[in-house]
Amino acid sequence: MFAVSVPPTAAGIYQEVPTGSTSSDLETRLGKGYDALKNDRYEEAVGQFRAALQADSTLALRARFPLAVALFELRKYDEARQELETVRSAVGDHPNVLYYLGRADLEERNFADAVKYLQSAVADPPFPDTAYYLGYAYAKQDKLALAEKWLKKAADATPRDSRVPYQLGLLYRKQGRASEADKAMALSSELRRNDDSDSKIRLQCAQKLEQGSRSDAYAVCNQLYDPDNSDKLTELGTLYGQHGDVQAALKPLQRAAELSPQSPQVQYNLSYAYYQLGRFEEARAPLARIIKKWPDLFQLNALYGAVLFQLGDDVNAYQALHKAKQLNPDDTATLELLFAATLRLSAKSHDARNYAESLRYLGEAARLRPNDAGPHRLMAEIYTEMARPDQAAAEKATADRLSSSQN
């Protein structure tokens with residue numbers, strides 16, 4: 001579960017979304033849509049989000065916005081723009097929506113409109129490369145002073161993006177600033193070489209970790225530790241986690257989480273590391289915060305439920321796991337943990353002599369594992385305590401039938 005790639009496209013947009021309950025089928029559609037989107041299966045994502053919108057056309061941010069993102073990635077810019085404008089009508093000039101409207105216009109070389117949208121988005125930039133695209137749009141209009149202004153801001157925001165000095169180099173050449181152009185182009189080349197070098201180090205790191213010599217591996221892998229680069233820190237933590245060294249993964253993941261507090265992927269990775277180390281209270285905090293903005297990501301709900309279950313917070317664990325099951329009904333680990341949480345709640349209700357609630361939980365447990373005799377035996381015991389012999393006998397008969405079929 002390390003380094004689950006959730007789409008960065010909707011980060012920060014959910015704070016405006018009420019998270020009221022919807023049908024199980026709708027939640028499943030949303031969960032499958034996000035899973036497809038994060039794994040670059042854009043056609044599948046389009047189908048899932050459109051199906052969700054057929055069930056509830058008011059889901060502007062939960063379904064229509066990610067639908068627009070998937071259409072954008074498929075280079076269906078007219079369709080993406082139509083969906084974005086519909087979202088805009090519902091929620092106003094949200095920076096995420098303006099960003100993608102500007103990106104769509106850039107792709108179609110409509111630079112004036114691209115500037116208009118990106119200029120509005122950059123006031124509260126939804127993504128680090130917002131300033132880059134604004135500077136690029138100005139450059140394409142030959143508005144070189146404004147292009148330089150925003151490309152320099154982009155250089156501050158994303159100092160390791162080789163595209164930025166490359167565009168500055170082109171701009172300086174147009175202005176006859178040969179020396180500055182050469183420096184910018186040299187920097188762009190250096191950044192590309194660094195990317196190649198990092199790729200080689202990642203490969204060597206993985207090889208050393210597989211060979212089992214931790215001291216040798218650390219000497220190589222820690223070359224990737226960059227305290228100011230969340231992506232590199234996440235990659236390093238992921239490498240350690242994938243090779244079973246969760247303790248070593250913790251330091252880079254902690255720093256990545258500090259640098260990217262709004263990233264669900266980064267916060268998930270840190271929480272999962274804490275979970276693997278048995279530090280459940282520390283795992284809870286980042287999940288509790290980030291899941292409010294990303295209520296439809298299966299991985300977040302599943303891990304949050306697992307953490308709460310370990311902490312004995314059975315009611316909230318049940319709710320998170322139930323949501324995870326709605327988003328991905330086929331995940332067996334989630335089903336098993338939800339089954340265990342349901343039995344715990346049934347037992348607590350029974351101890352409190354709330355027999356009706358205990359029976360309700362046991363009924364759900366029986367539906368989760370229809371071939372398990374256990375819930376039916378417990379229901380038979382409760383019906384006996386309630387002096388309802390007919391129901392007790394029926395549940396006992398069901399339990400006996402299921403037990404015999406397993407033998």
Side-chain angles (χ1 to χ4, degrees), residues 1 4-11 13-14 16-71 73-74 83 86-87 90 264-265 268 272 287-288 290-309 315-342 345 360-361 363-372:
M1 289 169 65
V4 56
S5 295
V6 295
T9 48
I13 204 167
Y14 274 123
E16 303 175 3
V17 184
T19 57
S21 62
T22 57
S23 72
S24 176
D25 182 66
L26 176 57
E27 296 295 333
T28 300
R29 291 287 189 186
L30 292 170
K32 289 183 176 179
Y34 271 97
D35 186 68
L37 187 60
K38 73 183 176 64
N39 288 302
D40 301 335
R41 303 195 308 269
Y42 301 120
E43 291 283 4
E44 181 184 341
V46 166
Q48 294 293 349
F49 289 127
R50 280 183 170 156
L53 288 166
Q54 286 180 351
D56 187 347
S57 62
T58 67
L59 297 176
L61 299 178
R62 297 180 70 195
R64 197 172 299 280
F65 177 75
L67 168 60
V69 173
L71 290 167
E73 296 294 345
L74 290 168
E83 301 297 345
T86 302
V87 177
Q265 174 180 347
Y268 172 92
Y272 186 55
L287 287 170
I290 203 70
I291 206 168
K292 293 177 182 177
K293 294 187 176 183
W294 291 84
D296 297 319
L297 285 178
F298 162 73
Q299 291 88 348
L300 290 179
N301 284 280
L303 180 57
Y304 192 40
V307 168
L308 294 172
F309 183 83
V315 172
N316 288 318
Y318 168 85
Q319 292 173 348
L321 292 166
H322 197 274
K323 178 65 178 288
K325 175 182 173 292
Q326 288 180 318
L327 293 168
N328 185 357
D330 300 324
D331 187 76
T332 55
T334 297
L335 290 177
E336 289 301 308
L337 200 54
L338 178 58
F339 178 81
T342 304
L345 289 170
R360 178 175 64 80
Y361 281 124
E364 181 172 354
R367 290 189 293 275
L368 289 169
R369 288 176 57 173
N371 297 320
D372 192 321

Grab the two heavy atoms, one from [X] and one from [Y], that are nearest each other, plus how far apart they are.
| X | Y | answer |
| --- | --- | --- |
| Ala45 | Leu37 | CB-N, 4.0 Å |
| Glu27 | Leu327 | O-CD2, 3.0 Å |
| Leu335 | Pro329 | CD1-O, 3.7 Å |
| Ala317 | Gly305 | CB-O, 3.6 Å |
| His322 | Leu338 | N-CD1, 4.0 Å |
| Leu321 | Ala341 | CD1-CB, 4.3 Å |

Taking only Lys NZ, Arg NE, NH1 and NH2, and the carboxylate oxygens of Asp or Glu, determine whether Arg369 and Glu336 approach each other closer than 4.0 Å. yes
State whether Asp331 and Lys325 are salt-bridged, where the test is any N-O pair (Lys NZ or Arg NE/NH1/NH2 against Asp/Glu carboxylate O) under 4.0 Å. no
Separation of [Y] [atom2] from [X] [atom1] (nearest 0.5 Å):
| X | Y | atom1 | atom2 | result |
| --- | --- | --- | --- | --- |
| Lys32 | Phe49 | NZ | CZ | 13.0 Å |
| Arg50 | Leu71 | CZ | CG | 5.0 Å |
| Tyr304 | Ile291 | OH | CD1 | 7.0 Å |
| Leu337 | Phe309 | CG | CZ | 5.0 Å |
| Glu364 | Tyr318 | CD | OH | 3.0 Å |
| Leu345 | Arg360 | CG | CZ | 8.5 Å |

Find out whether [X] and [Y] are in side-chain contact, i.e. whether some heavy atom of one side chain is under 4.5 Å from a heavy atom of the other.
| X | Y | value |
| --- | --- | --- |
| Arg41 | Asp35 | yes |
| Asp372 | Phe339 | yes |
| Lys38 | Gln265 | no |
| Pro295 | Lys323 | yes |
| Arg64 | Leu59 | no |

Answer yes if the side chains of Tyr42 and Asp40 hold a donor-acceptor pair under 3.5 Å, and no otherwise. yes
CA sep, side-chain torsions, deciding dist, call: Phe298, Thr334, side chain to side chain contact (heavy atoms under 4.5 Å, CB included): CA-CA 10 Å; Phe298 162 73; Thr334 297; 3.6 Å; yes
Would you call the rings of Tyr268 and Tyr272 parallel, tilted or perpendicular, where under 30° means parallel and over 60° means perpendicular? parallel
When you measure from the side chain of Asn328 to the backbone N and O of Ala324, does any donor-acceptor pair fall under 3.5 Å? no
Walk me through whether Leu297 and Ile290 qualify under side chain to side chain contact (heavy atoms under 4.5 Å, CB included). CA-CA 10 Å; Leu297 285 178; Ile290 203 70; over 6 Å; no
Given Leu53, which of Thr58, Thr86, Leu26, Leu67 fulfils the side-chain contact (heavy atoms from CB on, under 4.5 Å) condition? Leu67
